[in-house]
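Hydrogens, waters and symmetry mates are skipped; everything else that's a heavy atom, side chains included, is used. For clarity, every value in this text was computed on a predicted model and none was experimentally measured. Order of the sequence lines sets the chain letters (A, B, ...), proteins ahead of strands, with each chain counted from 1.
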There are 2 protein chains.
Amino acid sequence: MVSPTLSDVAQAAGVSYATADRVINNRGNVAQKSIDKVREAVAALGYVRNVAAANLSRNRVYRLAFLIPTGTNAFFNRIRNHIRHAAEHLSVDRITVEIIDVSAFSVDALEESIADLAQRDVDGVAIVGLQNPLLEGPLAKLRESGVAVIGLVSDLPQKFRSAYIGIDNMVAGRTAARMTGMAHAGGLGAIQTFVGSMEARDHAERLQGFCDVIAADYPHLTVLDPILTKDDPAVLKEAAGAVLSARSNVTAFYNVGAGNSGLVAAIGAAPENRPFCVVHELVAHSKQALIDKHIDLVIDQRPDIEVNRAFAMLRALLDERDLPPMPDLMPTIYVQDNLPADPLIDIAEAQSR
Amino acid sequence: MVSPTLSDVAQAAGVSYATADRVINNRGNVAQKSIDKVREAVAALGYVRNVAAANLSRNRVYRLAFLIPTGTNAFFNRIRNHIRHAAEHLSVDRITVEIIDVSAFSVDALEESIADLAQRDVDGVAIVGLQNPLLEGPLAKLRESGVAVIGLVSDLPQKFRSAYIGIDNMVAGRTAARMTGMAHAGGLGAIQTFVGSMEARDHAERLQGFCDVIAADYPHLTVLDPILTKDDPAVLKEAAGAVLSARSNVTAFYNVGAGNSGLVAAIGAAPENRPFCVVHELVAHSKQALIDKHIDLVIDQRPDIEVNRAFAMLRALLDERDLPPMPDLMPTIYVQDNLPADPLIDIAEAQSR
DNA sequence: AGCAAAATGATCGACGTATATCATAAAATG
DNA sequence: CATTTTATGATATACGTCGATCATTTTGCT
C-alpha cells in the first residue's frame with residue numbers, strides 16, 4: 001500500500017537505479033528499449049515522483065515575483081495584501097515572494113520591469129499585463145531563461161505566457177446587466193454608465209457585455225452614453241451629482257471602473273429615491289457603501305481566489321506537475337448580506353502608506 | 001539567503017542538535033533555560049521547520065476520510081466529485097482519501113459510521129454532520145485517538161470538532177431575500193416558499209434569514225407559509241403547479257431545499273408570466289434551468305471552495321502548522337451569465353452509479 | 001557528601017530523490 | 001577484428017528532519 005520508489009521501478013523494469021533515473025529525468029544516453037521498460041514499470045506500479053523528496057534533494061527554493069501596478073487603487077492594494085498574506089505562509093514551502101511595483105498602465109514602464117526581471121534571478125512571475133506587442137521581446141527573453149510567466153487580472157500577449165488568471169470582463173458586464181435588468185422588474189428605465197477610459201480593455205469589455213444583455217433581454221431599458229471619469233472620484237462625484245440633481249429619468253447607475261468613493265459621496269448627498277447602483281470590486285469603500293445602502297450590488301473578481309490560483313499555477317509550472325484542482329474564478333455578486341469577513345479588505349487603505 | 005536548518009538554530013542557541021530537536025518537537029526533559037535559548041534562536045534566525053523533510057523522514061502518509069450522505073442528492077454528488085478530483089492530485093503529497101457513504105440524515109447511521117472510523121486507521125476526517133449529542137461519545141473517542149475532525153457543510157457539536165467548513169445558512173437566506181426584494185422594484189408581492197423539512201437546521205436557518213430581511217427591508221412583500229416538500233421533486237412539481245394554475249397573486253418562489261427539478265418542471269409547463277424564482281445549489285438541473293430562463297437565481301455554497309478548504313484545514317491540523325490563506329466561503333449568487341465552466345457539475349448525475 | 005533524577009551531547013540510520021563519478025558492458029563504426 | 005561510441009551498472013554524497021540509543025554532565029535532594 002505504500003507508494004513505490006524509483007528503486008522499485010528500476011527493479012521492476014529490470015534496470016539499475018541509475019538507468020531508471022536517466023529515464024525519469026530524461027538525461028539522454030538511454031536505449032529506447034530501456035526507456036520503454038521503465039515507462040511500463042512506472043505505469044504498472046503507479047509510480048509518482050515524490051516532489052517533496054525531490055525538492056529537498058536539490059534544495060529547491062522558488063523565487064516568485066508579482067508585477068503589480070502602483071498607485072492608491074484600492075483593488076490592487078487588496079491584491080497586494082493577499083499576496084503578502086499568502087507569502088507569509090509559503091516560506092514553509094521554501095517559496096519567497098517579491099512584489100514589484102510598476103507604474104500603472106504604462107507600457108514602457110512595464111516593458112522595462114519585465115526586462116529587469118531577467119537579471120533578478122527569479123523562477124516564476126505573475127504579471128498584471130497589457131496586450132501590447134512591445135512586451136513580446138522581453139517576455140520571450142524571460143521565458144527562454146526558464147522563467148514561468150503568467151498573466152494576472154489583465155492578460156499578456158497570449159503566446160508569451162503560460163496561463164492567464166483573471167475573470168472574463170465581458171461576463172462581469174453581463175452579470176451587472178442581468179442584475180440591473182432584474183431590479184427593474186419589467187418597468188421602464190434609463191441606466192447611466194460611467195467608465196474610466198474607453199482605451200482600457202477591461203472597461204470596454206464590461207460595457208460591451210452590459211449593453212449586450214440589456215439590448216437582448218431588457219429592451220424596455222435604455223443604456224445612456226457612458227460618462228468618462230478617468231477613475232477619478234472627484235469627476236465621478238461631480239458627474240453623478242449633476243445627474244441626480246437634474247431630476248432626470250435615470251433609474252440606475254453602473255460604474256464600470258474605479259473611483260467609487262466619488263459616486264458614493266454624490267449619492268450620500270442626495271439620498272432621496274436614489275437610482276439602483278452597481279459597481280465593481282469589493283474594497284473598503286464599496287463594502288461600506290453596501291452596508292450603508294448607498295449602493296445595491298458589487299461585482300467582484302475575487303482577488304483572493306486569483307492569488308490562490310496564481311500561486312498554485314506557478315508552483316505547478318515550476319515543479320512540472322499538473323495543476324491541482326482550484327476554486328473556479330467567476331465574477332461574484334455581493335450584496336449587503338453576503339459580505340465576506342475578510343479583514344484584508346479593510347486594512348487595504350491603511351497599509352498603502 | 002538560504003533558510004536556516006535546525007542545526008543552525010542549535011548552534012546559534014549554543015546547544016546541541018539533540019536539545020534543539022527536543023525543544024522543537026517538545027519531547028520533554030529540557031531545562032526552561034534551554035527552551036528559551038532555542039526559542040530565541042528560532043525567532044532570531046527565522047527558522048521554519050521544513051515540512052517536506054519532516055514528512056519524508058517520518059514517511060508520513062495522510063489517510064483522510066470524508067463522511068458524506070448517500071442518495072441521489074445532486075449536491076452531495078457534486079461534493080463527492082470535487083473530493084475525488086482533488087484526491088487524484090493529492091497522491092503526489094502522499095495523501096489518500098476515502099469517501100464513506102452514510103445513510104442520509106440518520107443520526108444512528110452517522111453515529112455508527114463515526115464509531116467505525118476508530119478502527120479504520122485514519123488520520124483526519126471531514127464529516128457532514130448533525131448537531132446531535134448522540135454523536136459526542138464516538139467523536140470524543142475518535143479525537144482521543146489522535147484523529148483530526150472537522151465538520152463539513154453541516155456542523156457537528158462544536159466542542160467535538162476542530163473546525164467547521166460551510167456557509168452560514170442564515171446569510172444564505174438573507175441573500176436570497178435581498179435579491180428577491182430587489183427584483184420587486186418597490187412593487188407589491190407575495191412570495192411562496194418551499195422547505196424540505198422544518199427539522200433540518202439548514203432549512204430553518206435559511207427561511208429565518210429570508211423572513212428577517214423581507215420583514216426589515218421589504219415590508220410591501222408578504223412571505224407565504226412554506227410548503228413542505230420533503231425535498232421530493234414530485235411534491236414540488238405538484239405544489240408549484242397548483243400555485244401557478246390558481247392564478248394567485250404570487251410573485252416569487254423561493255425554494256429553501258432540494259428537489260428543484262420538480263419546481264422547474266412545473267414552471268416549464270406554465271411559462272407565461274412566471275414568478276421570480278430563487279433556488280439553492282448549482283447542479284446540473286438548476287444550471288440548465290438558469291440557462292433556459294426558467295429560474296432567475298441560484299444561491300450556491302461553492303462546494304469546490306469547501307472541499308479545497310477542508311483539505312487545507314486537515315493538512316494544517318495534521319502537520320500542526322497554522323492555516324494557509326484560503327479563499328473566503330460565502331453564499332454565491334449565480335445568474336445565467338456568470339456560470340462557472342466547472343465540468344464536475346455536469347457529470348454529477350452520470351457518475352452517481 | 002552521596003546518589004538518583006534530570007538534562008544534555010554526540011551520533012546513527014532512515015526517508016526518496018538528485019546529481020555525480022567511474023568502471024564496465026554492449027553496440028555501432030570502419 | 002579493432003576501435004570508438006553509446007549504454008548501463010554500481011555506488012556515493014547531500015538535502016533536513018525524525019526517532020532512536022548511549023554516554024556523559026549537571027542539578028536537586030537528603
Name the residue closer to the 5' end of DNA chain C, choosing between B/Ser16 and B/Asn59 according to the nucleotide with the nearest heavy atom.
B/Ser16

Starting at CG of B/Asp319 and ending at P of D/dC18, how long is that distance when rounded to a whole Å?
11 Å

Looking only at side-chain atoms of B/Leu56, point me to the closest of C/dT17, D/dT27, D/dG16.
D/dG16

Starting the side chain at C-beta, find the nucleotide from C/dT17, C/dA18, D/dT17 nearest to A/Asn25.
C/dA18

When the distance from CG of A/Asn55 to P of C/dC15 is rounded to whole Å, what number comes out?
20 Å

Please give, in whole Å, the distance from D/dC18 P to B/Arg58 CZ?
6 Å

Verify the distance criterion only: is there a donor paired with an acceptor across the side chains of B/Asn308 and B/Asp304 at less than 3.5 Å?
no

Looking only at the side chains, is there a donor atom on one of A/Ser162 and A/Arg143 sitting less than 3.5 Å from an acceptor on the other?
yes

Nearest-nucleotide 5' precedence on DNA chain C, B/Val30 against B/Ser57:
B/Val30

Donor-acceptor pair under 3.5 Å: do we get one between B/Arg22's side chain and the base of D/dG19?
no

Can you find a donor-acceptor N/O pair under 3.5 angstrom joining the side chain of B/Thr19 to the base of C/dT8?
no

Just N and O in the side chain of A/Asn29: are any of them under 4.0 Å from OP1 or OP2 of D/dA7?
yes

Taking the side chain of A/Asp21 as its heavy atoms from C-beta onward, which of D/dT27, D/dC18, C/dA18 lies nearest to it?
C/dA18

Taking CD from A/Gln32 and P from D/dA7, how many angstroms apart are they, rounded to a whole number?
11 Å

From C/dT11, C/dA18, C/dT8, nucleotide with atom closest to B/Tyr17 side chain
C/dT11

From CD1 of A/Ile24 over to P of C/dG16, roughly how many Å is that when rounded to an integer?
15 Å

Tell me the interatomic distance from A/Asn50, atom CG, to C/dC15, atom C1', rounded to whole angstroms.
9 Å

Taking atom C1' of D/dC18 as reference, at what distance in whole Å does atom CZ of B/Arg49 sit?
9 Å

Rounded to whole Å, the CG-C1' distance (B/Leu318 to D/dC18) equals 17 Å

Using a heavy-atom cut-off of 4.0 Å across all strands, would you classify B/Ala18 as base, sugar-phosphate, or nothing?
base

Are the side chains of B/Val147 and B/Val125 in contact, using a 4.5 Å heavy-atom criterion?
yes

Within the structure, does a side-chain N or O atom of B/Arg27 lie under 4.0 Å from either OP1 or OP2 of D/dC18?
no

B/Glu136/B/Lys159 ion pair, N-O < 4.0 Å
no

Counting any heavy atom closer than 4.0 Å, what does A/Val51 reach on the DNA or RNA strands: base, sugar-phosphate only, or nothing?
nothing

Taking the side chain as every heavy atom from C-beta outward, state whether B/Arg63 and B/Glu98 have any atom pair closer than 4.5 Å.
no

